[in-house]
Undergrad: 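Please read through the structure below; I'll follow up with questions.
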Amino acid sequence: MARLITHSTPACVASAAADAIVRAVNRHQGHRFNLALSGGSTPPLIFRRLRRLAGRGFAPDRLRLFWIDERCVPISHPDSNAGSARKHLGNIWDAADVRIMSGALPPPDAAEAYARRLHYFGGAHAFDMALVGLGPDGHIASLFPGTDALEAGGSVAVGQAPSGDYRISVTLPVLRSARSLLVVACGASKAWAVREALTGRPVSPFARACSGRPRVEIHADAACSRAL
């Protein structure tokens, strides 16, 4: 079952999540720690905290960075998840082994290319940790309720957001096979989905990703936790 840890503010959530990543990297026995990243408003705060810890709290060259989803845009585009990470990670980006999703490719080609990349690193079991957020509708990665991508098999799917734009996303089986899920949940609108995950009701995409997993750590701010 998921473990909930509450904090006063989104900044505190981000700091705690970054510290959890550092602890996991330092415990890892292999040479590289495979960390899958997401977009959203909280991850940049996490990335900046990690950047401050690099070289003091952990060795950034032990990271191999993946993505759980990406918009179909070049990395130079302001909406690119990888572009945002590159901006906020700074020297960690330079030191890590970075494996971006190719948002500039046609979506089916990008999905196929990333599936091959994941296969090389273990397929569905490629991620030591996946850093994920969730939307007010309970979506996780770019797996939105009622979409084909949510029910896709394999490792990478092409999906469409409610806004109409296409996304590349790892599938639910990949998220469920990650060795751990590190979740950030800020705002009262996320509380219902967190409640589902905590009570074992696998209805929303997020709760389905968490269901039955031994390692799910949810860091929530006060607004989210008060609404549970």
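What's counted below: heavy atoms across the whole structure, side chains too, no hydrogens, waters or symmetry copies. Since this is a predicted model, take the numbers as computed values, not measurements.
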Undergrad: Sorted by first residue and then second, give each side chain to side chain donor-acceptor pair (under 3.5 Å) pair with at least one member in residues 119-133; sequence neighbours left out.
TA: Asp128-Arg179

Undergrad: How would you list, by chain and number, every residue that makes a salt bridge (charged side-chain N to carboxylate O under 4.0 Å, His left out) with Arg48, sequence neighbours excluded?
TA: none

Undergrad: Considering only heavy atoms from C-beta outward, does the side chain of Leu37 approach that of Asn81 to under 4.5 Å?
TA: no

Undergrad: Once ring pair (Phe, Tyr, Trp, His ring centres under 6.0 Å) is applied, do any residues pair with Phe33, and if so which ones, sequence neighbours excluded?
TA: His28

Undergrad: Kindly determine whether Leu89 and Arg51 satisfy side chain to side chain contact (heavy atoms under 4.5 Å, CB included), including the steps that lead there.
TA: CA-CA 6 Å; Leu89 284 171; Arg51 188 173 64 195; 5.9 Å; no

Undergrad: So, does Lys190 use its side chain to make a donor-acceptor pair with the main chain of Leu134 at under 3.5 Å?
TA: yes

Undergrad: If you look at every heavy atom in Gly187 and Cys224, which pair is closest and at what distance?
TA: O-CB, 3.4 Å

Undergrad: Do Leu45 and Val184 have side-chain heavy atoms sitting under 4.5 Å apart?
TA: no

Undergrad: Please identify each residue that fulfils side chain to side chain contact (heavy atoms under 4.5 Å, CB included) with Pro60, with sequence neighbours left out.
TA: Ala54, Phe58, Ile92, Ala95

Undergrad: Give me the other members of the hydrophobic cluster that Val158 sits in, counting Ile, Leu, Val, Met, Phe, Trp and Tyr linked by side-chain heavy atoms under 4.5 Å, directly or via other members.
TA: Tyr166

Undergrad: Looking only at heavy atoms, what is the nearest atom pair of Ile168 and Ala111, with distance?
TA: CG2-CA, 4.0 Å

Undergrad: List in chain and number order the residues that pass side chain to side chain contact (heavy atoms under 4.5 Å, CB included) with Pro173, two or more places apart in sequence or in another chain; answer none if no residue qualifies.
TA: Thr171

Undergrad: Can you hop from Val25 to Val98 via hydrophobic side chains spaced under 4.5 Å?
TA: yes

Undergrad: Can you list the residues that meet the salt bridge (charged side-chain N to carboxylate O under 4.0 Å, His left out) rule with Arg52, with sequence neighbours excluded?
TA: none

Undergrad: Check the pair Asp19, Arg49 against side chain to side chain contact (heavy atoms under 4.5 Å, CB included), reporting the backbone distance first and the verdict last.
TA: CA-CA 8 Å; Asp19 292 348; Arg49 168 71 172 169; 3.0 Å; yes

Undergrad: Take Leu63 and Leu50, measure what side chain to side chain contact (heavy atoms under 4.5 Å, CB included) needs, and give me the verdict at the end.
TA: CA-CA 11 Å; Leu63 284 174; Leu50 286 174; 5.6 Å; no

Undergrad: Among residues at least two apart in sequence or on other chains, which ones pass side chain to side chain contact (heavy atoms under 4.5 Å, CB included) with Asp165?
TA: Arg71, Ala161, Ser163, Arg167

Undergrad: Taking side chain to side chain donor-acceptor pair (under 3.5 Å) as the cut-off, I'd like each qualifying pair that reaches into residues 147-159, sequence neighbours left out, listed once.
TA: Glu151-Arg208

Undergrad: Is the ring pair Phe66/Phe121 parallel, tilted or perpendicular, if the boundaries are 30 and 60 degrees?
TA: perpendicular

Undergrad: So how far is it from Asp109 CG to Ser102 OG, rounded to the nearest 0.5 Å?
TA: 10.0 Å

Undergrad: For Ile218, run the side chain to side chain contact (heavy atoms under 4.5 Å, CB included) check against Ile5, Leu182, Val13, Val183 and tell me which one passes.
TA: Val183

Undergrad: Return the minimal non-hydrogen interatomic distance between Ala227 and Ala191, and the atom names on each side.
TA: CB-CB, 3.5 Å

Undergrad: Looking at residues at least two apart in the chain, or sitting in another chain, which of them share a side chain to side chain contact (heavy atoms under 4.5 Å, CB included) with Ala82?
TA: Trp67, Glu70, Ile75, Ser80, Trp93, Ile100

Undergrad: Do you reckon Met101 sits in the same ILVMFWY cluster as Val73, going by side-chain contacts under 4.5 Å, direct or chained?
TA: no

Undergrad: For residues Gly138 and Ala193, report the shortest heavy-atom separation together with the two atoms involved.
TA: CA-CB, 4.2 Å

Undergrad: Under the 3.5 angstrom rule, does the side chain of Arg64 hit a backbone N or O of Phe127 as a donor-acceptor pair?
TA: no

Undergrad: Only pairs at least two apart or in different chains count here, so list each side chain to side chain donor-acceptor pair (under 3.5 Å) that has a residue in residues 211-228.
TA: Arg3-Glu217, His7-His219, Glu217-His219

Undergrad: Quick check: closest heavy atoms across Ala141 and Leu175, and the distance to 0.1 Å?
TA: CB-CD1, 4.3 Å

Undergrad: Filter on side chain to side chain donor-acceptor pair (under 3.5 Å), then keep only pairs touching residues 191-207, sequence neighbours left out; what's left?
TA: Glu196-Ser204

Undergrad: Look up atom OG1 in Thr42 and atom CZ in Phe47, then write down how far apart they are to the nearest 0.5 Å.
TA: 10.5 Å

Undergrad: Just by distance, do the side chain of Ser38 and the backbone of Leu131 share a donor-acceptor pair under 3.5 Å?
TA: yes

Undergrad: For the atom pair CG (Asp61) and CG (Asp94), what is the distance rounded to the nearest 0.5 Å?
TA: 12.0 Å

Undergrad: Under a 4.5 Å side-chain heavy-atom rule over Ile, Leu, Val, Met, Phe, Trp and Tyr, are Val156 and Phe144 clustered together?
TA: no

Undergrad: Where the side chain of Tyr114 meets the backbone of Arg99, is there a donor-acceptor pair that is under 3.5 Å apart?
TA: yes

Undergrad: Closest approach of Ser169 and Ser142, non-hydrogen atoms and distance?
TA: OG-N, 3.3 Å

